[in-house]
Amino acid sequence: MTAGSRHASGLRERIVFAYQQACEVELDALKPGNVHRYADGHAMTATDFVTSARVSAGPLTEPALGLGERIFRSVSATREAVGCNTNLGILLLCAPIIQAMLDERMAPTPLRERLHQVLQQAGKEDTRWLFRAVALADPGGLGQSDEHDVHEAPTATLCEVMAYAAGRDRIARQYTTDYADLFGFALPRLQALEARWQSREWAAAGLFLSLLASFPDTHIQRKHGLHKAV
């Protein structure tokens, strides 16, 4: 094994560890209405989420995959292991960041600039894989769309599709703003809460409540209306 391959392998191992750790810390947070360590729900258990993090980590960090296929392979591994949608939103958010971290051709460019390049370079083939992933996960409230329906052949790039959905889906909005909510709100808030409490679990719970207080839950909004989401 060459020095370069050892470095790449080590980087992937660190990303896998960080991804799985983040998924488990998220489960430790008290999140009303969601599955966590202390409450099952929606026909899912915390164990399902731990398993999902474990089985999706491989395809999610596979260097050879493009963005759309990375998402699909991770969803497929999850579906095969637990038989339900536990992590589509997690995978949609993590995949571009992980792709930016793995692509060392863009180093030492800052992560957010690398993330911007990853999103802008995603084409119609990535959209095709994404549509397959969403259809396979079959998230609640998916329904049908007059434009860019996941059950039809894609006609736009990944960012164009996400821009169409950004007004009603907070995850889609991240693709069109280079993750403004993450870098501008969530990350500083999490760091401040960790410094205050010296606890990742309580910081995660505090961040969840901060996000819920600041942004309407677009999943709840699609299913039950804005008045239920605020």
Side-chain angles (χ1 to χ4, degrees), residues 8 11-26 49-82 84-107 109-139 142 148 150 154 156-166 169-183 186-187 218-219:
L11 174 62
R12 184 181 183 186
E13 288 177 3
R14 293 194 298 273
I15 294 173
V16 166
F17 175 79
Y19 167 71
Q20 293 180 321
Q21 184 180 61
C23 289
E24 295 205 18
V25 169
E26 192 265 346
F49 283 78
V50 173
T51 300
S52 300
R54 176 177 55 81
V55 301
S56 63
L60 192 60
T61 61
E62 171 55 56
L65 297 180
L67 179 56
E69 187 175 1
R70 185 180 307 282
I71 296 168
F72 173 78
R73 298 297 178 195
S74 302
V75 168
S76 181
T78 300
R79 194 79 187 188
E80 183 176 350
V82 300
C84 58
N85 171 34
T86 51
N87 61 2
L88 176 62
I90 293 171
L91 298 174
L92 288 173
L93 285 171
C94 289
I97 298 173
I98 289 174
Q99 179 121 347
M101 295 174 69
L102 288 170
D103 194 342
E104 295 188 321
R105 295 171 301 176
M106 295 187 285
T109 310
L111 177 59
R112 196 172 182 186
E113 292 183 20
R114 297 167 72 170
L115 178 60
H116 174 79
Q117 292 184 51
V118 166
L119 294 171
Q120 293 304 309
Q121 290 168 2
K124 291 182 182 178
E125 180 66 11
D126 293 290
T127 307
R128 185 178 71 84
W129 283 110
L130 174 71
F131 280 9
R132 290 183 63 188
V134 175
L136 178 61
D138 193 23
L142 175 61
H148 306 311
V150 299
T157 67
L158 199 54
C159 277
E160 288 170 340
V161 169
M162 291 300 190
Y164 177 77
D169 188 291
R170 203 78 195 177
I171 293 175
R173 184 178 183 274
Q174 305 317 304
Y175 279 65
T176 66
T177 63
D178 296 336
Y179 283 54
D181 291 342
L182 172 64
F183 289 99
L187 185 57
T218 50
H219 177 70

Okay, side chain of Glu160, backbone of Thr157: is any donor-acceptor separation there less than 3.5 Å?
yes
Looking only at atom types and distance, does a side-chain atom of Ser74 sit under 3.5 Å from a main-chain N or O of Leu60, one as donor and one as acceptor?
yes
Show the nearest heavy-atom pair for residues Gly89 and Ile171, with the distance to one decimal.
CA-CD1, 3.5 Å
Criterion side-chain contact (heavy atoms from CB on, under 4.5 Å) on Val82 and Phe49, from CA distance to verdict
CA-CA 9 Å; Val82 300; Phe49 283 78; over 6 Å; no
To the nearest 0.5 Å, how far apart are CZ in Arg112 and NE2 in His116?
10.5 Å
All heavy atoms of Gln174 vs all of Leu182, minimum pair found to be OE1-N, 3.9 Å
Measure from the side-chain N and O atoms of Asp169 to the backbone N and O of Ala172, and report whether any donor-acceptor pair falls under 3.5 Å.
yes
Quick one: does Thr61's side chain have a donor or acceptor within less than 3.5 Å of a partner on Val16's backbone?
no
For Phe183 and Asp178, which heavy atoms make the closest approach, and how far apart are they?
CD1-O, 3.7 Å
What heavy-atom pair brings Thr78 and Cys84 nearest, and what distance separates the two atoms?
CG2-O, 4.2 Å
Gap between atom CD1 of Ile90 and atom OG of Ser56 - 0.5 Å precision:
8.0 Å
What is the ring orientation for Phe72 with Trp129, classed by angle as parallel under 30°, tilted 30 to 60°, or perpendicular over 60°?
tilted
Closest non-hydrogen atom pair between Ala57 and Gln20, with its separation:
CB-NE2, 3.8 Å
To the nearest 0.5 Å, how far apart are CD in Gln117 and CG in Leu119?
10.5 Å
Main-chain N/O of Ala166 paired with Tyr175 side-chain donor or acceptor, under 3.5 Å
no
For Asn87 against Tyr19, the heavy-atom pair lying closest together:
ND2-OH, 4.3 Å
Check step by step if side-chain contact (heavy atoms from CB on, under 4.5 Å) holds for Arg79 and Asn85.
CA-CA 7 Å; Arg79 194 79 187 188; Asn85 171 34; 4.3 Å; yes
So how far is it from Thr177 OG1 to Arg170 CZ, rounded to the nearest 0.5 Å?
8.0 Å
Could you check Ile97 against Leu115 for side-chain contact (heavy atoms from CB on, under 4.5 Å), going step by step and ending with a plain yes or no?
CA-CA 6 Å; Ile97 298 173; Leu115 178 60; 4.3 Å; yes
What's the spacing between Arg54 CZ and Glu24 CD if we round to 0.5 Å?
10.5 Å
Which residues satisfy the salt bridge (Lys or Arg N to Asp or Glu O under 4.0 Å) test with Glu62, sequence neighbours excluded?
Arg12
Criterion side-chain contact (heavy atoms from CB on, under 4.5 Å) on Leu158 and Leu67, from CA distance to verdict
CA-CA 10 Å; Leu158 199 54; Leu67 179 56; 3.6 Å; yes
How far does NE2 of His148 sit from CG of Leu130, to the nearest 0.5 angstrom?
11.5 Å
